[in-house]
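Here the structure is laid out as C-alpha cells; the discussion comes afterwards.
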Amino acid sequence: MRSYLKLNNEVLNHYNRTGKLDLEKDVEATRRYFFEHVNVKLRYFIDTEEKIRYLVNENYYESDFLSLYDKQFIEHMYEKAYAYHFRFPSFMSASKFYESYAMKSRDGQEILEKYEDRIVIIALFLAKGDEQLAEQAVDAMMTAYQPATPTAMNSGKKARGELVSCFKLTMDDSMNSIAENIGYCLELSRLGGGVGINMTDLRPLGDPIKGIQNRASGVMPVAKLLENSFSYSNQLGQRNGSGVAYLNIFHADIETFISSKKPNADEKIRLATLSTGIIVPNIFFELMKRDKDIVLFSPYDIQKEYGKRMSEISMSEMYYELLDNPNIRKLKRINARKLYTEVKKAQFESGYPFEVFDDNVNARHALQQLGRVKMSNLCTEILQFQETSIINDHGVDNEYGIDVSCNLGSIDIHNATKHEHFAQLIDTSMRLLSNVSSMTNIQNVPSVSKGNRFMHAVGLGVMNLHGHLVSQDLAYGSPESVAFIDAFMEAINFYSLLSSMQMAKERQQRFYGFEQSDYADGSYFEQYVAKEQQSLPDSVLRALGNVPLITSEMWQSLKEQVMEHGVFNAYRLAIAPTGSISYIRNSTASIAPCTERVEIRDYADSRTIYPMPFLNNDNIHLYKEAYELDQFRMVDLYAAAQKHIDQGISMTLYVTDQWTTEQLARLYIYAWLKGIKTVYYVRQRLQTIEECVSCSI
C-alpha cells in the first residue's frame, strides 16, 4: 500500500482502537500524497503564458473563450487565484480533485492543472468575456461557491462533455413518443446524463389499442426498454447510464411498478438498474387516513374523455368526478393502506420507489398558471413545469414541448457565513449558473433545448450544513439548527431572486410565461411581506455570521421591482445531494446529516478515510450520525429549508432494521404534512451488537 494511503487509513485504525481521532495522520497523508504523487506527475511551466500556449496548442483547452481576454488579464486572474494560498484541508479533498477533476495528459502520466488553474479556467469560460464577472467568479469559487461536477470538470476543455448532467423527459401515449424518448435517453446517457422519464400517461396492461381490447402491454415493457437503453449507452464503457421512471400511484399498473425493484421480483418485470419513483397526491393520503379503497384508472380513458393527459390533471381535484363518470373505467380497487404498506416494504428492501408529493409541489409552484409539475429528476430535487411533445409520423413536423436540463451549483454554508459580501456571492453564483444554461444546447433532444432556452432555469443549492453546525457548537435537528437554516435559506431565496430580477432588467428578457406567474402579480411575495420579524437566539445570529436577516420591508421593495422588471430565471433554487463536490470542498453533503463521523470510501483497489470537517475529540458528540438521529426532527429541518426553495430538496431517510413499515409510513406522512415535496432514498443500516452505532464511541 502506498505510504499516503497507509497514513490516511491509520486515522480509522486509531479511531477504532481508541475511540479517539489522530487527525495529524490525515494531514501527513495529504503532504505525502503531494510529495509522492502530485508533484511527481505535475507538469511545470515557466510562466502562465507558456502554460496557456501549451494547453491550447495541444488541444487540451478551447481557444475561443480565452481569446475574449487579453494576456495581462489572464495573468492577473492566475495571480488572484494563487493569492488565496489555498491548501487542501484533507486527503480526501486533495485526492478527489486530482483523481477526478484536474486536467491530465491523454496517457494519464502527467497532471496539467493545479486546483487554482481549474478555478481560473472555469471562471474565464463561464464569464464569457465579462472581466468583472470572471474576477468575482474566482472570488466566489475560492471561497464558497462550487459548480456541479460536469461544469467543474468540463469547463474550458477541448474534448469535453456537457456542462450539465441531469435531465427530465415526458413520454406520451404513442409508439412514436416511446421510440423518440428511448432515443433521447440513449443520447443523454451517452453525454453522461441521468434522466428522469414520466410514464404516467402510458396506457396500462390490457388496455385497448385501436379499439381492440386487451392489446396494450402496459408500462413495464417500456421501463425494461429504458433500462436496457441506459445499460447500452454506457459512456464508452466507463459506467452504465442512469435513469428514473415515475408513475402516478392511481395508474392501473402501479402494483407491478412498485414490485419491480424488489429483489425477488419476477424477471419479466424486475428492474435491476432503473430507478423508480411514484407521484402521490393528497387524495391518496386522505383515503388512507379513512382506511378506504382507492380506484386505479387508465390515462387512456382520461385523455379520451377530458382531452387532458393524466399527468396534466390534479387527481385530488378530479378523483370523485372520475369515480362518478361512467365513461371512465374503474380498473381495480385496492385498499390504500395495503398499497402503501407494499410501497414501504419495497423501500425497506431496495430503497425504492422515490416519492413526489404531488400537491405539495404544485400548491407552492409559482408557475402553476402555466402548467403542472409532473415529476422530478433522478435525485428528486428538480421540480419544473413540463409540456409534452407531440411526436408525429415521418414527414410531419413534430410539436416539441418543454423538457428540463438541470443547471446546478452549490454554496458552502460555512464559508458563505464568513463571506464579506454575501449578496454578491449569491449574485455571482446565479450569473454563472445562468451562463451555464445559455451555453447548454442539447441539439439532439429538442424539447430539452427548448426548455433551457425558454426558461433559463437553474438550481442553486447548498452544502456543509452539518459541518457548519458542528463548527458553531449546534446540534443537528435542534431548534437552533432549524432556525438557522430557515434564516439562511430565506436570505438565499431573497438574493437569488434579486439577482434574477437584475438580470431580467439588464438583458430586457424574462422567462417564458412570466406574465402568468405568481411573481408577476406579486402573490409570491405575500408570505414574506406579511411576516412578523422573529428574534433569533444569539447562537443562531452567531452562526449566521455575515448573512443578512431579510426584513418584510426588503421583500416589499423586491416585490415592486420584480413586478416592474420581471425575473430572468423561471426556477432558481434546488438542493442536490452534492456527492463528489462536497469531498473537494471538505464539506458535509447537502443539508443532510453525516452517515459516519469517519467516513470510509472504497475506490478500485484502495480505501480512503474521510473525517468529517471540523471534527475533533472535543466536538465528536455533535456529529450525531444520520441513523442515530430522530428522523422527525430531521424532517423539521428540511421543512424549514423547503419553505424558501422554489423547487425541491434531495432528502434521504435513514432507518435501521428495527423499523417497521408502519413507522416508516408514519414518517412519510409526517413529511407530507410538513410540506416536504419529495423523498429520495430510504437507506437502511443493519444493526447488530457489533455494529450498533451508539456503542461505537
Side-chain angles (χ1 to χ4, degrees), residues 34 38-39 41-88 97-98 101-106 110-147 151-160 163 409 412 415 419-440 499 502-503 506-507 584-585:
F34 274 88
V38 176
N39 294 343
K41 286 193 163 190
L42 188 65
R43 185 183 184 100
Y44 290 91
F45 299 95
I46 296 172
D47 53 25
T48 301
E49 185 177 353
E50 185 202 15
K51 180 190 301 182
I52 295 294
R53 184 170 60 248
Y54 173 83
L55 293 171
V56 169
N57 289 344
E58 294 298 318
N59 290 318
Y60 286 107
Y61 287 165
E62 292 180 5
S63 59
D64 292 351
F65 77 97
L66 291 168
S67 67
L68 300 173
Y69 309 94
D70 60 40
K71 292 179 181 178
Q72 290 75 19
F73 181 76
I74 294 174
E75 180 71 38
H76 164 69
M77 289 284 283
Y78 277 91
E79 291 172 356
K80 185 179 185 69
Y82 277 92
Y84 278 89
H85 303 293
F86 173 81
R87 296 292 181 270
F88 285 101
F97 173 76
Y98 280 106
Y101 290 79
M103 172 79 79
K104 300 183 187 66
S105 60
R106 293 180 183 89
E110 285 187 306
I111 297 172
L112 304 177
E113 288 179 327
K114 294 183 180 179
Y115 181 76
E116 295 87 346
D117 302 335
R118 182 94 297 261
I119 295 298
V120 169
I121 292 301
I122 296 169
L124 293 171
F125 184 72
L126 296 184
K128 302 199 299 185
D130 183 335
E131 292 187 357
Q132 182 180 359
L133 180 58
E135 290 203 64
Q136 291 172 349
V138 167
D139 285 330
M141 288 187 283
M142 291 301 295
T143 53
Y145 175 65
Q146 176 62 48
T151 308
M153 287 179 63
N154 293 316
S155 289
K157 294 181 179 179
K158 182 79 171 180
R160 67 174 178 87
L163 302 176
D412 179 336
N415 288 339
H419 203 283
E420 293 181 2
H421 306 287
F422 182 80
Q424 182 179 296
L425 169 67
I426 304 306
D427 181 59
T428 300
S429 303
M430 285 295 295
R431 289 174 185 274
L432 294 176
L433 280 171
S434 296
N435 282 358
V436 169
S437 174
S438 67
M439 296 165 78
T440 300
S499 174
Q502 289 169 337
M503 282 189 278
E506 293 162 8
R507 304 178 188 193
I584 292 176
R585 297 202 72 91

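Because only heavy atoms are used, hydrogens play no part in the values below, and waters and symmetry mates are left out as well, while side chains stay in. Keep in mind the model is a prediction, meaning the values are calculated, not measured.
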(request) Any chance you could measure Met141, atom CE, to Gln146, atom CD, to the nearest 0.5 Å? (result) 8.5 Å
(message) Within this structure, what is the OG1-CD distance for the pair Thr428 and Gln132, rounded to the nearest 0.5 Å?
(response) 8.5 Å
(message) Between the side chains of Asp117 and Lys51, is the shortest nitrogen-to-carboxylate-oxygen separation below 4.0 Å, so that they form an ion pair?
(response) yes
(request) Please examine the side chains of Leu68 and Phe73, heavy atoms only from C-beta on, and report whether any two atoms are closer than 4.5 Å. (result) no
(request) Could you tell me whether a side-chain N or O of Tyr61 sits under 3.5 Å from a main-chain N or O of Lys158, the two making a donor and an acceptor? (result) no
(request) Report yes if the side chains of Tyr78 and Ile121 come closer than 4.5 Å at any heavy-atom pair, otherwise no. (result) yes
(request) Under the side-chain contact (heavy atoms from CB on, under 4.5 Å) rule, what do Leu432 and Leu133 come out as? Steps first, then yes or no, please. (result) CA-CA 8 Å; Leu432 294 176; Leu133 180 58; 4.2 Å; yes
(message) Quick one, Leu126 with Ser155, criterion side-chain contact (heavy atoms from CB on, under 4.5 Å). Give me CA distance, side-chain angles, the key distance, then yes/no.
(response) CA-CA 7 Å; Leu126 296 184; Ser155 289; 4.0 Å; yes
(message) To check you understand the geometry: which heavy-atom pair defines the closest contact between Ile122 and Thr151, and what is its length?
(response) CG1-O, 4.5 Å
(request) Compare every heavy atom of Met103 with every heavy atom of Tyr60, then report the nearest pair and how far apart it is. (result) O-CE, 3.2 Å
(message) Determine whether a donor-acceptor pair (N or O, by modelled atom type, separation under 3.5 Å) exists between the side chain of Arg118 and the backbone of Ala152.
(response) yes
(message) I need the minimum non-hydrogen distance between Asn435 and Arg507, along with the two atoms involved.
(response) OD1-NH2, 3.8 Å
(message) Can you give me the closest heavy-atom contact between Tyr145 and Ser429, atom names plus distance?
(response) CD1-OG, 3.3 Å
(message) When you measure from the centre of the six-membered ring of Tyr54, is the NZ or CZ of Arg43 closer than 6.0 Å and no more than 45° off the axis?
(response) yes
(request) Using a 4.5 Å cut-off on heavy atoms from C-beta on, say whether the side chain of Arg106 contacts that of Asn59. (result) yes
(request) Find the distance between CG (Leu55) and NZ (Lys157) and round it off to the nearest 0.5 Å. (result) 11.0 Å
(request) Please check if the side chain of Glu116 supplies one atom and the backbone of Tyr82 the other of a donor-acceptor pair under 3.5 Å. (result) no
(message) I need the Phe125 CZ to Asp64 CG distance, nearest 0.5 Å.
(response) 9.5 Å
(request) To the nearest 0.5 Å, tell me how far Lys41 NZ sits from Ser105 OG. (result) 8.0 Å
(message) Looking at every non-hydrogen atom in both residues, tell me the closest pair between Phe45 and Leu112 and how far apart they are.
(response) CE1-O, 4.4 Å
(request) May I ask you to say whether Glu506 pairs ionically with Arg431, meaning some side-chain N is under 4.0 Å from a carboxylate O? (result) yes
(message) Under the criterion side-chain hydrogen bond (donor to acceptor under 3.5 Å, both in side chains), I'd like the reasoning laid out for Glu135 against His76: C-alpha separation, chi angles, the key distance, then a yes or no.
(response) CA-CA 9 Å; Glu135 290 203 64; His76 164 69; 2.9 Å; yes
(message) For the backbone of Asp139 and the side chain of Lys80, can you confirm whether one donor and one acceptor N or O come within less than 3.5 Å of each other?
(response) no
(message) Under the rule for side-chain hydrogen bond (donor to acceptor under 3.5 Å, both in side chains), what residues qualify as partners of Gln72, not counting sequence neighbours?
(response) none
(request) For Ala123 and Met77, work out which heavy atoms get closest and say how close. (result) CB-CE, 3.9 Å
(request) Go through the steps for Ile119 and Met142 under the test side-chain contact (heavy atoms from CB on, under 4.5 Å), then give the verdict. (result) CA-CA 7 Å; Ile119 295 298; Met142 291 301 295; 3.8 Å; yes
(message) For Ser434, give me all partners under side-chain hydrogen bond (donor to acceptor under 3.5 Å, both in side chains), at least two apart in sequence or on another chain.
(response) Asn569
(request) Enter the distance from Arg53:CZ to Ser63:OG here, rounded to the nearest 0.5 Å. (result) 14.5 Å
(message) Donor-acceptor pair, distance only, cut-off 3.5 Å: does the side chain of Asn154 make one with the backbone of Leu163?
(response) no
(request) For Asp427 and Ala423, indicate whether the former's side chain and the latter's backbone hold a donor-acceptor pair under 3.5 Å. (result) no
(message) Are more than 12 heavy atoms, taken from residues, nucleotides or ligands other than Lys128, located less than 6.0 Å from that residue's NZ atom?
(response) yes
(message) Checking ring-ring contact (aromatic ring centres under 6.0 Å, His included) between Tyr115 and each of Phe88, Tyr101, Tyr84, Phe34, which is the one that passes?
(response) Phe88
(request) Identify whether the distance between the nearest side-chain nitrogen and carboxylate oxygen of Lys71 and Glu75 falls below 4.0 Å. (result) no
